[in-house]
Amino acid sequence: MSTFRIALANIQFPASPEESISLAEQAISQASTEQADVVCFAECFVPGYRVGKVVRPVDSRFLEGAWSVVAAAAAKGNVAVVLGTERIVDDLPVISALIINGDGTFGGFQDKVQLDPSEEGTYAPGFGRRVFQTGEVTFGVVICHEGWRYPETVRWAARRGAQIVFHPHFGEAEPGGYRPTSFADPANTFHEKAALCRAAENTCFFATVNCASTGSPTTSAIIRPDGTLLSYQPYGKPGLLVADLDIGEATGLLAARYKPV
């Protein structure tokens, strides 16, 4: 199989739900110029992650309109999209990722099933897991807390053929928090070390994506199936992280060898 090019949209947090749409369009256009096969956005990029932030409530009509605009951009650029978003289920917002194919059609949603405790007053948990296909590549999506603290979510996808697991997340500086300048710094929190483990323990690529912000404790990065770092975006620097993946390296060997307890 030929190499597969991915782009991670490590861009600024949107100032408004409307800006989230225009920023997404711009990033998709740039990803197309870079000839990426797929571009992935951070957690809840449209309309914006709510916990600890002031984000105007939106309804299903707004979200569906936003998804249509993003889908049109995907079709124009012939690039698949993993869009961090929210959707309304039983009148409650659910953190999700919408998969949009390169022709602009919808591939489905992967909801965030395992909420962080801080999210339980703002979002409802989703349910169910699935894998997706773009061209010859199979991929899964785990969202933020799921990938950091619940490795079973990544293994689920890898055991079902996922060669890449995308990990939209959101994290920004906290008062007095450590401000890293190199990936997986031992003095930093465990999170980026966990990203290395998610790839190595499943023999798959792991692509984690955050928004760009000053003092960000985590950044966007791509981890090889052997657990080594392929590339990462400089902390706080807006832009696309683009990399070519040798999909043949993602054998899923260690995930396949797992024997349930």
Side-chain angles (χ1 to χ4, degrees), residues 1-11 14 20-47 63-87 95-111 128-143 157-158 160-169 204-211 220-223 225 230-231 233 238-250 252:
M1 184 183 297
S2 60
T3 58
F4 186 78
R5 180 168 292 182
I6 69 171
L8 305 183
N10 192 97
I11 55 181
S20 73
I21 302 170
S22 60
L23 290 174
E25 286 184 283
Q26 292 168 26
I28 293 167
S29 177
Q30 184 182 351
S32 176
T33 299
E34 297 281 354
Q35 297 185 311
D37 295 293
V38 61
V39 56
C40 181
F41 291 84
E43 181 178 20
C44 285
F45 188 78
V46 174
L63 291 169
E64 289 167 5
W67 300 337
S68 294
V69 172
V70 173
K76 181 178 180 181
N78 190 30
V79 57
V81 176
V82 179
L83 181 68
T85 189
E86 66 182 41
R87 64 192 190 105
I95 296 172
S96 193
L98 170 62
I99 311 308
I100 302 174
N101 301 314
D103 61 0
T105 58
F106 289 0
F109 291 93
Q110 175 59 68
D111 294 337
R129 308 211 72 85
R130 59 177 298 185
V131 293
F132 304 89
Q133 194 85 20
T134 181
E136 298 180 43
V137 173
T138 302
F139 65 91
V141 179
V142 300
I143 302 175
R160 286 157 180 81
Q163 296 143 309
I164 310 168
V165 175
F166 289 100
H167 179 237
H169 73 277
C204 69
F205 286 96
F206 190 77
T208 182
V209 55
N210 193 11
C211 287
S220 300
I222 301 162
I223 317 301
L230 176 60
S231 60
Q233 181 75 2
L240 288 189
L241 178 63
V242 179
D244 290 328
L245 312 187
D246 181 354
I247 292 298
E249 295 178 3

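Index from 1, following the sequence.
Proximity of Val82 to Phe41: side-chain heavy atoms (C-beta onward) are nowhere separated by under 4.5 Å. Residues Phe45 and Cys211 form a side-chain contact, since some pair of their non-hydrogen atoms from C-beta on lies under 4.5 Å apart.
The closest donor-acceptor contact from the side chain of Ser220 to the backbone of Asn210 lies under 3.5 Å. The backbone N or O of Thr138 sits less than 3.5 Å from a side-chain atom of Gln163, completing a donor-acceptor pair. A side-chain donor-acceptor contact under 3.5 Å links Thr85 to the backbone of Val46.
Under the rule for a side-chain contact (heavy atoms from CB on, under 4.5 Å), the partners of Thr105 that lie at least two apart in sequence or sit in another chain are Asn101, Asp103. For Asp244, the side-chain contact (heavy atoms from CB on, under 4.5 Å) partners two or more places apart in sequence, or in a different chain, are Thr3, Arg5. Take Ser29 and apply the side-chain contact (heavy atoms from CB on, under 4.5 Å) test, not counting sequence neighbours, and it matches no residue. Under the ring pair (Phe, Tyr, Trp, His ring centres under 6.0 Å) criterion, Phe139 pairs with Phe132, Phe166, not counting sequence neighbours.
Smallest separation of non-hydrogen atoms from Ala250 and Cys204: CB-CA, 4.2 Å. Nearest approach of Ala7 to Ala31, heavy atoms of both residues: CB-CB, 4.2 Å. Residue Ile100 comes nearest to Ala74 through the heavy atom pair CG2-CB, 3.9 Å, listed as atom of the first residue, atom of the second, then distance. Across every non-hydrogen atom of Gly128 and Gln110, the tightest pair is O-NE2, 3.0 Å. The shortest heavy-atom contact between Val70 and Ala24 is CG2-CB, 4.2 Å. Taking every heavy atom of both residues into account, Cys40 and Val209 meet most closely at SG-CG1, 3.6 Å.
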Val39 and Leu8: side-chain contact (heavy atoms from CB on, under 4.5 Å), yes or no, with the steps?
CA-CA 6 Å; Val39 56; Leu8 305 183; over 6 Å; no
Check step by step if side-chain contact (heavy atoms from CB on, under 4.5 Å) holds for Ile164 and Phe4.
CA-CA 10 Å; Ile164 310 168; Phe4 186 78; 3.7 Å; yes
Is there a side-chain contact (heavy atoms from CB on, under 4.5 Å) between Glu25 and Val69? Walk through the geometry before answering.
CA-CA 8 Å; Glu25 286 184 283; Val69 172; 3.4 Å; yes
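Rounded to the nearest 0.5 Å, atoms CZ (Arg160) and CZ (Arg130) are 13.5 Å apart. One finds the CD1 atom of Ile6 at 8.0 Å from the CZ atom of Phe205 (value rounded to the nearest 0.5 Å). The CG atom of Leu241 sits 5.5 Å away from atom CD of Gln233, with the distance rounded to the nearest 0.5 Å. Between atom CD1 of residue Ile95 and atom CZ of residue Phe109 there is a gap of 14.0 Å, rounded to the nearest 0.5 Å. Taken to the nearest 0.5 Å, the CG atom of Leu230 stands 6.5 Å off from the CG atom of Leu245.
Applying the side-chain hydrogen bond (donor to acceptor under 3.5 Å, both in side chains) definition to pairs two or more places apart or across chains, those involving residues 32-45 are Glu43-Lys112. Annotation: salt bridge (Lys or Arg N to Asp or Glu O under 4.0 Å) contacts involving residues 69-87, sequence neighbours excluded, comprise Arg50-Glu86, Arg87-Asp111.
When each of Val141, Val38, Val81 is checked for a side chain to side chain contact (heavy atoms under 4.5 Å, CB included) with Ile99, only Val141 meets the rule.
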